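Worksheet: one structure, shown below.
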Amino acid sequence: MNTTASKPSVLFVCVHNAGRSQMAAAFLSNLSAGQIEVRSAGSAPADSVNPAAVAAMNEVGIDMSTEVPKILTTEAVKESDVVITMGCGDTCPIFPGKRYEDWKLEDPAGQGVEAVRPIRDEIRARIETLISELLPATK
């Protein structure tokens, strides 16, 4: 009965779409069990996803190895209910009626998996809160 139109949608944005926004999107897809439409993009996408971010997510059982950074489009913002930037000063087109948040997170670029783990864990905690806000328990 659940159609795409009734699903809340979230867009994660950071400059390179290679670390934080990819981890956030992967957690949201995984933890919401498909109940939330998930997008991620960057204003200047990297050539590939940060290998340390992929490794850190593998440790918690989420495979991001096939993800690729995507360019931020006005359409992606327009089609999303919630737009979350990742503390990197990205400017998003602003549309009325959207929820905008900026998550101040350390940039994992160029860091090893040890440095990425605490960023990953903070993202997971924020994603769990976001899911509880977007999908209130119906039990």
Side-chain angles (χ1 to χ4, degrees):
M1 198 69 156
N2 193 3
T3 64
T4 304
S6 66
K7 276 190 197 182
S9 59
V10 177
L11 169 65
F12 296 101
V13 180
C14 70
V15 177
H16 300 301
N17 188 222
R20 295 166 289 191
S21 55
Q22 290 282 356
M23 288 191 288
F27 268 132
L28 185 56
S29 294
N30 187 274
L31 298 174
S32 72
Q35 295 180 73
I36 296 174
E37 191 175 335
V38 182
R39 299 179 181 91
S40 71
S43 55
D47 294 330
S48 61
V49 174
N50 179 336
V54 172
M57 293 301 283
N58 272 337
E59 291 178 350
V60 294
I62 298 175
D63 181 9
M64 290 191 339
S65 62
T66 59
E67 295 300 323
V68 288
K70 295 169 265 325
I71 187 76
L72 176 64
T73 64
T74 302
E75 291 73 37
V77 177
K78 203 181 290 189
E79 293 169 5
S80 300
D81 300 313
V82 181
V83 178
I84 298 173
T85 54
M86 298 292 186
C88 39
D90 251 13
T91 53
C92 281
I94 303 290
F95 293 98
K98 306 281 178 208
R99 172 176 159 187
Y100 292 89
E101 291 184 26
D102 184 41
W103 291 1
K104 301 270 187 244
L105 297 163
E106 203 166 309
D107 189 350
Q111 301 196 56
V113 72
E114 298 77 22
V116 175
R117 284 185 191 117
I119 301 167
R120 173 200 66 201
D121 295 344
E122 182 175 348
I123 289 171
R124 182 183 188 126
R126 290 175 185 234
I127 292 297
E128 288 170 347
T129 299
L130 181 67
I131 290 171
S132 71
E133 294 167 357
L134 294 177
L135 300 174
T138 51
K139 293 180 184 113

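These values consider heavy atoms only, across backbone and side chains, with no hydrogens, waters or symmetry-generated copies. Everything numeric here is computed off the predicted structure, so don't read it as measured data.
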Among Leu28, Ile127, Ile119, which one satisfies side chain to side chain contact (heavy atoms under 4.5 Å, CB included) with Met23?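 Going through Leu28, Ile127, Ile119 one by one, the side chain to side chain contact (heavy atoms under 4.5 Å, CB included) with Met23 is satisfied by Ile119 alone.
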Is there a side-chain contact between [X] and [Y] in this structure, where contact means two heavy atoms from C-beta onward sitting under 4.5 Å apart?
X	Y	answer
Val83	Phe95	no
Pro8	Leu135	yes
Arg120	Val60	yes
Val82	Leu134	yes
His16	Pro45	no

Please say yes or no: joined through hydrophobic side-chain contacts below 4.5 Å, possibly via intermediate residues, are [X] and [Y] part of one cluster?
X	Y	value
Ile71	Val38	no
Leu72	Tyr100	yes
Val113	Phe27	no

In Å and rounded to the nearest 0.5 Å, what is the [atom1] to [atom2] distance from [X] to [Y]?
X	Y	atom1	atom2	answer
Trp103	Ser21	CH2	OG	11.0 Å
Asn58	Ser65	CG	OG	6.5 Å
Arg124	Met57	CZ	CE	8.0 Å
Ile84	Leu130	CD1	CG	4.5 Å
Glu37	Ser29	CD	OG	10.0 Å
Asn30	Met64	CG	CE	12.0 Å

Mind running side chain to side chain contact (heavy atoms under 4.5 Å, CB included) on Leu105 and Ile123 for me, showing each step along the way? CA-CA 8 Å; Leu105 297 163; Ile123 289 171; 3.7 Å; yes
What are the two closest heavy atoms between [X] and [Y], and how far apart are they?
X	Y	result
Asn17	Ala41	ND2-N, 3.3 Å
Val116	Ala52	CG2-CB, 3.7 Å
Gly19	Asn50	CA-CB, 4.4 Å
Arg20	Met86	NH1-O, 3.1 Å
Ser9	Ile36	CA-CG2, 4.5 Å
Glu133	Glu101	OE1-OE2, 4.4 Å

If you measure from the Lys or Arg side-chain nitrogens to the Asp or Glu carboxylate oxygens, is any gap between Glu75 and Arg39 under 4.0 Å?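 Salt bridge between Glu75 and Arg39, a charged N being under 4.0 Å from a carboxylate O: no.
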I'd like to know whether CD of Gln111 has more than 12 heavy-atom contacts from other residues, nucleotides or ligands below 6.0 angstrom.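 Yes.
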Does Lys70 reach the main-chain N or O of Val68 with its side chain, forming a donor-acceptor pair under 3.5 Å?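 Yes: the side chain of Lys70 pairs with the backbone of Val68.
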What's the verdict on side chain to side chain contact (heavy atoms under 4.5 Å, CB included) for Lys98 and Ser80, showing C-alpha distance, side-chain angles and the deciding distance? CA-CA 7 Å; Lys98 306 281 178 208; Ser80 300; 5.6 Å; no
